[in-house]
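What you are looking at is a predicted structure, and each value in this text was computed from that prediction instead of being measured.
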Amino acid sequence: MAYLRESDVRHVARSDTRVIAKSMDSGAVLRESSELDPSTKKFDVFLCHAIRDAEIVLGAKRILEQQNLQVYVDWIVDPEMDRTAVTAKTAATLRNRMQCSSSLLYLFSNNSKRSRWMPWELGYFDGLKGNVGVLPVTPDIGDLDFTQEEYLDLYPKVELINSSLIVNRTKNNPVRAEDRDNYKPFSSWVGGTDKLRL
């Protein structure tokens, strides 16, 4: 499968012209990019992620934006929100953003297990709209460990194949033509009724 590789995602993040021009770190670039009035903003993707993955988040956000998708990242659009505290106000803000988003992509990395918010966001969005996919970012050495997060196997994985986002519920590598019922282009998956759940 053509999951995103960590080195490729980091390369996209580091090639951001703002990082190069200003010697900014990825978190600073993401915070600076909150250029839109978020109060009425609609998003194609709510990017569920671990805060420790700032550079990976930047690269994944850019890759998704190359697909002409509007991507919500909480600490970009809502920088005043405190994710370190589980509060009713933070939960209400996140619920509102999920209601304004067409899909949720669970950016799965080795840091995902440490997040208190990611499982909650996934469960809420699953019940709300059902357009939930896992966006794995595999390490360059080793593999992702889904141990103790088997629930992620219920959801299709999102892959980048020939510069196109594909939502895939198969385990075939690569996806075969006869598996057509088990994968869809991202846009068809978001707009369709089959959410490719296992």
Side-chain angles (χ1 to χ4, degrees), residues 4 9 12-13 16 18 26-83 86-109 111-112 115-137 152 155-160 163-168 184-197:
L4 298 177
V9 175
V12 170
D16 187 297
R18 288 171 293 181
S26 299
V29 171
L30 285 171
R31 287 186 296 276
E32 184 185 84
S33 69
S34 57
E35 66 283 339
L36 302 168
D37 174 15
S39 60
T40 58
K41 184 75 177 138
K42 300 286 184 195
F43 300 94
D44 300 305
V45 174
F46 182 102
L47 190 58
C48 179
H49 65 280
I51 194 72
R52 290 182 171 103
D53 285 330
E55 188 172 62
I56 292 172
V57 171
L58 175 61
K61 182 177 184 291
R62 297 288 181 246
I63 289 167
L64 294 170
E65 289 171 341
Q66 290 168 359
Q67 303 291 314
N68 297 314
L69 298 172
Q70 295 292 321
V71 181
Y72 175 80
V73 175
D74 55 4
W75 39 281
I76 296 172
V77 179
D78 296 307
E80 72 287 348
M81 186 172 59
D82 181 9
R83 280 184 57 106
V86 177
T87 66
K89 183 179 178 183
T90 300
T93 300
L94 291 172
R95 281 189 199 105
N96 180 50
R97 296 305 185 195
M98 286 188 263
Q99 290 169 1
C100 295
S101 299
S102 300
S103 67
L104 179 140
L105 294 185
Y106 189 100
L107 196 151
F108 186 64
S109 72
N111 287 317
S112 300
S115 172
R116 294 182 294 182
W117 285 104
M118 290 179 72
W120 179 83
E121 291 169 352
L122 178 130
Y124 180 82
F125 201 96
D126 188 6
L128 180 68
K129 297 186 179 179
N131 287 338
V132 174
V134 178
L135 181 63
V137 178
L152 294 178
Y155 301 99
K157 308 302 184 278
V158 178
E159 307 176 42
L160 190 64
S163 300
S164 295
L165 285 180
I166 302 296
V167 181
N168 176 17
K184 297 179 183 220
F186 183 84
S187 58
S188 299
W189 171 74
V190 167
T193 56
D194 183 3
K195 299 308 170 193
L196 299 176
R197 295 169 187 235

Do [X] and [Y] come close enough that some side-chain heavy atom pair is under 4.5 Å?
{"X": "L94", "Y": "T90", "answer": "yes"}
{"X": "L122", "Y": "L152", "answer": "yes"}
{"X": "V158", "Y": "V134", "answer": "no"}
{"X": "L64", "Y": "L165", "answer": "yes"}
{"X": "M81", "Y": "W75", "answer": "no"}
{"X": "Y106", "Y": "P136", "answer": "no"}

Task: Side-chain donor or acceptor of D44 paired with backbone N/O of Q70 under 3.5 Å - done: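 At least one qualifying donor-acceptor pair exists.
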- [ ] Answer yes or no: is there a donor N or O on one side and an acceptor on the other, between the side chain of Q67 and the main chain of S163, under 3.5 Å?
- [x]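 Yes, Q67 side chain to S163 backbone: donor-acceptor pair under 3.5 Å.
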Roughly how far, to the nearest 0.5 Å, is the [atom2] atom of [Y] from the [atom1] atom of [X]?
{"X": "L105", "Y": "K157", "atom1": "CG", "atom2": "NZ", "answer": "12.5 Å"}
{"X": "S103", "Y": "M98", "atom1": "OG", "atom2": "CE", "answer": "12.5 Å"}
{"X": "L104", "Y": "R97", "atom1": "CG", "atom2": "CZ", "answer": "15.0 Å"}
{"X": "I51", "Y": "S115", "atom1": "CD1", "atom2": "OG", "answer": "9.0 Å"}
{"X": "S101", "Y": "L47", "atom1": "OG", "atom2": "CG", "answer": "10.0 Å"}

- [ ] Report the C-alpha distance between K195 and V132 in whole Å, list the side-chain angles of each, state the deciding distance to 0.1 Å, and finish with yes or no for side chain to side chain contact (heavy atoms under 4.5 Å, CB included).
- [x] CA-CA 8 Å; K195 299 308 170 193; V132 174; over 6 Å; no
Please list, chain by chain and in numerical order, all residues satisfying side chain to side chain contact (heavy atoms under 4.5 Å, CB included) with [X], sequence neighbours excluded.
{"X": "D194", "result": "R169, K184, L196"}
{"X": "S164", "result": "none"}
{"X": "S102", "result": "V190"}

Which residues pass the side chain to side chain donor-acceptor pair (under 3.5 Å) test with [X], not counting sequence neighbours?
{"X": "T93", "answer": "none"}
{"X": "S188", "answer": "none"}
{"X": "S109", "answer": "D53"}
{"X": "E65", "answer": "K61, R62"}

Open item on the list: Do W117 and H49 pair up side chain to side chain, a donor and an acceptor below 3.5 Å, judged on atom types alone?
Closed with: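 No donor-acceptor contact under 3.5 Å links the two side chains.
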Task: Donor-acceptor side-chain pairing of N168 and E159 below 3.5 angstrom - done: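 There is such a pair (donor and acceptor under 3.5 Å, judged by atom type) between the side chains of N168 and E159.
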Open item on the list: Run the salt bridge (Lys or Arg N to Asp or Glu O under 4.0 Å) test against D126 and tell me which residues pass, sequence neighbours left out.
Closed with: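 If we apply the salt bridge (Lys or Arg N to Asp or Glu O under 4.0 Å) test to D126, skipping adjacent residues, the hits are R197.
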Task: Minimum heavy-atom distance between M118 and A50, given as atom pair plus value - done: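 Smallest heavy-atom distance, with atoms named: SD-N, 3.4 Å.
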Open item on the list: My understanding is that only residues two or more places apart in sequence, or in another chain, count here; which of them pass ring pair (Phe, Tyr, Trp, His ring centres under 6.0 Å) with F46?
Closed with: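 F46: ring pair (Phe, Tyr, Trp, His ring centres under 6.0 Å) contacts with Y72.
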Open item on the list: So, using ring pair (Phe, Tyr, Trp, His ring centres under 6.0 Å) as the criterion, who are the partners of F186 when residues are at least two apart?
Closed with: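 F186 satisfies ring pair (Phe, Tyr, Trp, His ring centres under 6.0 Å) with W189 once adjacent residues are dropped.
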Task: Chi angles and distances behind the side chain to side chain contact (heavy atoms under 4.5 Å, CB included) call for I56, L4 - done: CA-CA 10 Å; I56 292 172; L4 298 177; over 6 Å; no
